[in-house]
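Here is the structure we will look at.
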Amino acid sequence: MRDVYTEICNLDFDAIGLDFVEGKKSLELLESGFPKNTLLFAGIVNGKNIWRTDYEKKTEILSKITKAVSEKNVVIGTSCSLLHVPYTTQSEEKINCDIKKHFAFAEEKLSELKELSLGDEKSFSENKKLFESERVFKTQSVQNALSELKEDDFIRKPDFFEREKIQHNVFRLPLFPTTTIGSFPQTKEVRANRASYKKGAITKEQYVSFNQKKIAECIKLQEKLGLDVLVHGEFERNDMVEYFGSQLYGYIFTQNAWVQSYGTRCVKPPIIWSDVSRKSPMTVEWSVFAQKQTKKIVKGMLTGPVTILNWSFPRDDISLQEQAQQIALAIREEVLDLEKNGIKIIQIDEAALREKLPLRKSDWHKEYLDWAIPAFRLVHAKVKPETQIHTHMCYSEFNDIIRQIDDMDADVITFEASRADLKILDALKEAEFRTEVGPGVYDIHSARVPSVEEIKTALEKMLLKVEKEKLWVNPDCGLKTRGDEETEKALANLVEAARLLRSETSH
């Protein structure tokens with residue numbers, strides 16, 4: 001790190017920007033020397049979170065910075081681009097003012113920079129009062145649950161291989177069992193039904209009735225296609241984080257706090273305001289209804305604690321580890337309720353697991369993986385051996401953390417793999433991956449329908465690296481963005497490819 005810093009300082013830039021929020025070594029490096037006639041753009045206001053800046057703390061940091069660099073050569077700024085935060089709190093008319101005063105979106109962060117640079121006494125006094133006041137009060141039941149956690153709460157028993165035998169005997173699924181990742185096409189009618197209910201234009205009974213009809217149709221279609229493990233389609237869900245966050249204590253939702261996700265896609269992350277806990281069962285009613293429509297197994301579908309945390313604006317007054325554990329305890333309640341109500345396979349998606357890995361590989365474990373992986377295990381460690389736990393991962397390359405993924409101790413993991421030319425297979429084999437796997441056999445981001453031969457060829461490649469008893473067959477992600485017709489054709493080809501491979505393998 002010091003070598004890189006020295007090299008940058010020697011490149012004769014007119015100005016150099018350093019992050020003093022996430023850059024833990026920035027001050028130390030600055031104190032080791034800085035070019036005399038170069039401007040320092042000091043990133044002291046956090047450009048990634050939505051919380052107000054503590055002026056007293058930032059003044060202390062500035063004091064240390066100006067000891068190392070002449071004050072006339074220091075320009076204060078945000079730690080990074082403001083792309084990561086919403087535009088302004090002024091657009092949030094429904095959030096209580098006593099809560100909203102703690103938020104600073106992009107526009108407010110610029111005001112903070114101005115106030116910090118001017119050193120206005122009134123602004124500093126108001127800021128001090130804000131930070132001296134108690135922002136949130138702890139929820140005793142949540143704190144008690146956290147304090148009572150023991151090592152056994154993170155360890156599932158019996159071990160994976162014993163569970164695998166038990167589950168194979170219980171489910172008696174064929175070789176290469178077929179399934180989907182969870183969601184089915186969200187048509188205009190599905191979105192309109194949800195929007196009408198949210199606006200109060202239809203009753204809850206009408207909303208539920210529509211979704212139950214869609215679930216029944218979805219189950220019937222999957223049975224017709226010959227899929228082995230079914231899903232309910234997720235017609236009631238708008239988003240895999242917002243849906244759960246809206247049913248948890250501790251979350252706040254905004255009206256217009258949109259941020260760019262990628263390309264032209266924007267998301268509206270919920271805000272974790274206080275201690276998180278479950279209000280009541282969130283998915284049980286839908287899963288139980290779906291299971292009643294068929295004799296085949298229907299997966300319960302949940303989002304995991306790390307993904308919920310990573311796709312929210314987290315608190316800044318407690319650690320990410322504590323927040324992950326709070327969410328994990330809430331999701332664990334849902335897992336155990338699903339199991340109690342006869343749901344035999346439960347999928348807990350961790351789509352965003354890799355997203356928050358620190359840039360420095362040396363920080364991966366201590367700063368992230370050492371709490372993220374146990375948070376997932378906390379969710380499922382108490383289920384029965386015969387309950388099969390699935391998870392799904394997408395949007396990232398996973399080869400370099402494949403052993404940590406195995407340590408999540410799920411029974412089955414499905415990966416988005418088709419766009420990476422199945423390179424993950426080499427990593428699975430090298431790591432002697434024990435968990436059963438379903439690398440995606442076709443790309444759902446395209447409307448193109450893969451042929452039977454194409455899917456079968458992909459599966460044959462997988463069998464060179466994965467034991468046949470451990471291989472599942474599935475698309476690489478959910479189907480909510482696809483159309484009905486292409487989905488049906490693609491899944492029919494997927495089932496036929498698995499059937500042909502079974503036939504050839506059994507001879």
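Side chains included, hydrogens not; waters and symmetry mates left out as well; all remaining heavy atoms used. Everything numeric here is computed off the predicted structure, so don't read it as measured data.
Judged by the 6.0 Å distance and 45° axis criteria, K214 is positioned over the aromatic ring of F235. Taking the ring axis of W273 as reference, the NZ or CZ atom of R135 stays within 45° of it and closer than 6.0 Å to the ring centre. Cation-pi check for R237 over W286 is not met; the charged atom does not lie both under 6.0 angstrom from the ring centroid and within 45 degrees of its normal.
Look at R315 and D317 and you find a salt bridge, because one of the NZ, NE, NH1 or NH2 atoms lies within 4.0 Å of a carboxylate O, short of that distance. D409 and R163 are joined by a salt bridge, as a carboxylate oxygen and a charged side-chain nitrogen come within less than 4.0 angstrom of each other. Electrostatic pairing of K340 and D337 counts as a salt bridge here, judged by a charged N lying under 4.0 Å from a carboxylate O. Remark: D349 does not engage K299 in a salt bridge, criterion side-chain N to carboxylate O under 4.0 Å. Under a 4.0 Å N-O distance rule, the pair D400/R354 qualifies as a salt bridge. By the 4.0 Å N-to-carboxylate-O rule, E467 lies too far from R434 to be salt-bridged with it. Salt bridge present: E367 and K24 bring a charged side-chain N and a carboxylate O closer than 4.0 Å. Taking a cutoff of 4.0 Å between a charged side-chain nitrogen and a carboxylate oxygen, K48 and D316 do not qualify as a salt bridge. Salt bridge K470/E164: present, at least one basic N to carboxylate O contact under 4.0 Å. Using a 4.0 Å cut-off between charged side-chain N and carboxylate O, E504 and K456 make a salt bridge. Using a 4.0 Å cut-off between a side-chain N of Lys or Arg and a carboxylate O of Asp or Glu, D153 and R332 qualify as a salt bridge.
In the model, E148 has no side-chain atom that pairs as donor or acceptor with a side-chain atom of N144 under 3.5 Å. For the 3.5 Å distance criterion, the side chains of S319 and Q321 fail to qualify, holding no donor opposite an acceptor. Residues T303 and Y243 have side chains that never bring a donor and an acceptor to within less than 3.5 angstrom of each other. Side-chain atoms of S277 and Q326 include no donor-acceptor pair closer than 3.5 Å.
Enclosure of atom NZ in K489 is not indicated, since only 12 or fewer non-hydrogen atoms of other residues, nucleotides or ligands lie within 6.0 angstrom. Atom NZ of K344 has 12 or fewer heavy atoms from other residues, nucleotides or ligands within 6.0 Å.
With values rounded to the nearest 0.5 angstrom, Y368 atom OH is found 6.0 Å from L357 atom CG. Note that the CZ atom of F244 and the CD1 atom of I308 stand 6.5 Å from one another [nearest 0.5 Å]. Put simply, OG1 on T414 and CD on Q347 are 5.0 Å apart, with the number rounded to the nearest 0.5 Å.
Of the possible polar contacts, one joining the E334 side chain to the M282 backbone as a donor-acceptor pair under 3.5 Å is found. A donor-acceptor contact shorter than 3.5 Å is absent between the side chain of W371 and the backbone of A324. Between the side chain of T178 and the backbone N or O of V473 there is no donor-acceptor pair closer than 3.5 Å. Although no hydrogens or angles enter the test, the distance criterion places no donor-acceptor pair under 3.5 Å between the side chain of D411 and the main chain of F160. Side chain of D275 to main chain of T139: a donor-acceptor pair is present (N/O by atom type, distance under 3.5 Å, no hydrogens or angles). Using a distance-only test at 3.5 Å, with no hydrogens or angles considered, a donor-acceptor pair links the side chain of R156 to the main chain of K384. T307 places no side-chain N or O within 3.5 Å of a backbone atom of V241 that could act as its donor or acceptor partner. Remark: the backbone N or O of V284 is not paired with any side-chain donor or acceptor of S287 at under 3.5 angstrom. Checking side-chain atoms of Q186 against main-chain N and O of K480 turns up no donor-acceptor pair under 3.5 Å. Side-chain atoms of Q404 do not come within 3.5 Å of backbone N or O of I373 as any donor-acceptor pair.
Taking the six-membered ring where tryptophan is involved, the planes of W472 and H390 are perpendicular, since the angle between them exceeds 60° and thus also 30°.
A 4.5 Å side-chain heavy-atom check between H392 and I413 finds every atom pair outside the cut-off. Between L491 and Y442, the closest side-chain pair of non-hydrogen atoms falls below 4.5 Å.
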